[in-house]
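Residue numbers begin at 1 in each chain, while the letters A, B, ... track the order of the sequences. Side chains are part of it too, since the values below use all heavy atoms of this structure and drop only hydrogens, waters and symmetry mates.
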Amino acid sequence: MAPTSIKNNMRRLRFDANEMTQQTLAEHVGVTRQTIIAIEAAKYSPSLELAFKITDVFSVPFEKVFQYKP
Amino acid sequence: MSTKEKSLLASLVITLLVFGNFFLNTLELALADEPIANIGTSLINVVISVIILEIIVQSLLASLSSSQEDDERDLLIERISFRNGYVCLSVGIWIWIAQTTIPIWWVWLDGIQSPLPEALVPVILLLLFVIAEVTVTVTRLFYYRRGF
């Protein structure tokens with residue numbers, strides 16, 4: 001599957017947030033761990049709602065988490 | 001491999017084994033021009049076997065691991081998979097309609113009048129549903145394994 005045009009810094013942000021696990025992040029935003037893995041690997045573009053939920057968890061501006069790189 | 005993938009893989013194996021065996025046996029009989037007796041009973045038996053096996057295997061899988069609710073990615077993959085399954089079913093149904101309503105096509109193709117014995121009609125319909133179901137499962141497995 002080709003990577004999407006939405007890149008992210010989730011791995012870095014998780015590391016900065018006390019090495020938060022993918023499972024913890026998944027539970028915070030209400031998705032499965034597999035979905036977090038797919039988003040981090042840029043294989044799946046999350047919905048706008050999920051993207052905002054993820055941003056809220058890290059308490060950083062949206063563009064610090066997700067970037068559009070066509 | 002996640003619980004969902006294991007469940008899908010189990011469904012695929014059961015479907016291919018049970019229905020595959022049934023279709024191969026029926027095809028052998030049809031090709032040997034032998035009378036296909038009790039096709040209705042065989043059909044019911046094979047469907048019940050699949051249901052029982054699915055209940056047993058899926059219950060075992062559910063008891064071994066915690067269940068996960070579907071999220072937006074699961075629903076998206078499911079939607080794409082059902083669309084692919086629908087395309088397969090539609091193509092099959094259209095081919096079947098064509099061959100039953102326009103038999104002249106088959107006369108042109110290989111000089112036969114009716115390529116499909118009436119007893120095989122329910123089997124062909126079941127085959128179309130099974131192909132559609134396998135397409136749905138394979139598509140879902142593909143997207144889960146390769147990422148989406």
Undergrad: Any residues in residues 22-33 of chain A near chain B, with a heavy-atom distance under 4.5 Å, and which are they?
TA: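 Within residues 22-33 of chain A, the residues that come under 4.5 Å of chain B (heavy atoms only) are A:Gly30, A:Val31, A:Thr32.
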Undergrad: Quick check on the hydrophobic clustering: are B:Val134 and B:Phe19 connected, directly or via other members, by side-chain heavy-atom contacts under 4.5 Å?
TA: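 In one cluster with B:Val134: B:Phe19, yes.
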Undergrad: Return the minimal non-hydrogen interatomic distance between B:Glu72 and A:Tyr44, and the atom names on each side.
TA: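 Between these two residues, the closest heavy atoms are OE2-OH, 2.7 Å.
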Undergrad: CD1/A:Ile36 to CG/B:Asp71 distance, rounded to the nearest 0.5 angstrom?
TA: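 Answer for the CD1-CG pair, A:Ile36 versus B:Asp71, is 8.5 Å.
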Undergrad: Give the cluster check for B:Ile131 versus B:Val13: same hydrophobic cluster or not, with ILVMFWY residues linked at side-chain heavy-atom distances below 4.5 Å.
TA: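 Different hydrophobic clusters.
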Undergrad: Find out if a path of hydrophobic residues (ILVMFWY) with successive side-chain heavy-atom gaps under 4.5 Å connects B:Val136 to B:Leu126.
TA: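 Unlinked, B:Val136 and B:Leu126 end up in two clusters.
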Undergrad: Same cluster or not: are B:Leu17 and B:Val138 linked, directly or through other Ile, Leu, Val, Met, Phe, Trp or Tyr residues, by side-chain heavy atoms under 4.5 angstrom apart?
TA: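 Different clusters.
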Undergrad: Name each donor-acceptor pair under 3.5 Å that joins a side chain in residues 50-64 of chain B to protein atoms two or more places apart or in another chain, with its distance.
TA:
from    : atom 1 : to      : atom 2 : distance (Å)
B:Glu54 : OE1    : B:Ser11 : OG     : 3.1
B:Glu54 : OE1    : B:Gln58 : NE2    : 3.1
B:Glu54 : OE2    : B:Ser11 : OG     : 3.1
B:Gln58 : OE1    : B:Ser7  : OG     : 2.8
B:Gln58 : NE2    : B:Ser7  : O      : 3.2
B:Gln58 : NE2    : B:Ser11 : OG     : 3.2
B:Ser59 : OG     : B:Ile55 : O      : 2.5
B:Ser63 : OG     : B:Ser59 : O      : 3.3
B:Ser63 : OG     : B:Leu60 : O      : 2.7

Undergrad: Hey, could you give me the CD/CD distance between A:Gln34 and B:Glu5, rounded to the nearest 0.5 Å?
TA: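 These two atoms lie 6.5 Å from each other.
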Undergrad: Side-chain polar contacts of residues 50-66 of chain A - donor-acceptor pairs under 3.5 angstrom, sequence neighbours left out - could you list them?
TA:
from    : atom 1 : to      : atom 2 : distance (Å)
A:Thr55 : OG1    : A:Ala51 : O      : 2.8
A:Ser59 : OG     : A:Asp56 : O      : 3.4

Undergrad: Tell me, side chain or backbone of B:Asp74 under 4.5 Å from chain A's heavy atoms, or both, or neither?
TA: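 Contact with chain A involves the side chain of B:Asp74 alone.
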Undergrad: Can you list the residues that meet the side-chain hydrogen bond (donor to acceptor under 3.5 Å, both in side chains) rule with B:Arg83, with sequence neighbours excluded?
TA: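 With sequence neighbours excluded, B:Arg83 shows a side-chain hydrogen bond (donor to acceptor under 3.5 Å, both in side chains) to no residue whatsoever.
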Undergrad: Tell me whether B:Ile48 is reachable from B:Ile14 by hopping between hydrophobic residues (I, L, V, M, F, W, Y) whose side-chain heavy atoms are closer than 4.5 Å.
TA: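 They do not share one cluster, since no chain of ILVMFWY contacts under 4.5 Å joins B:Ile14 to B:Ile48.
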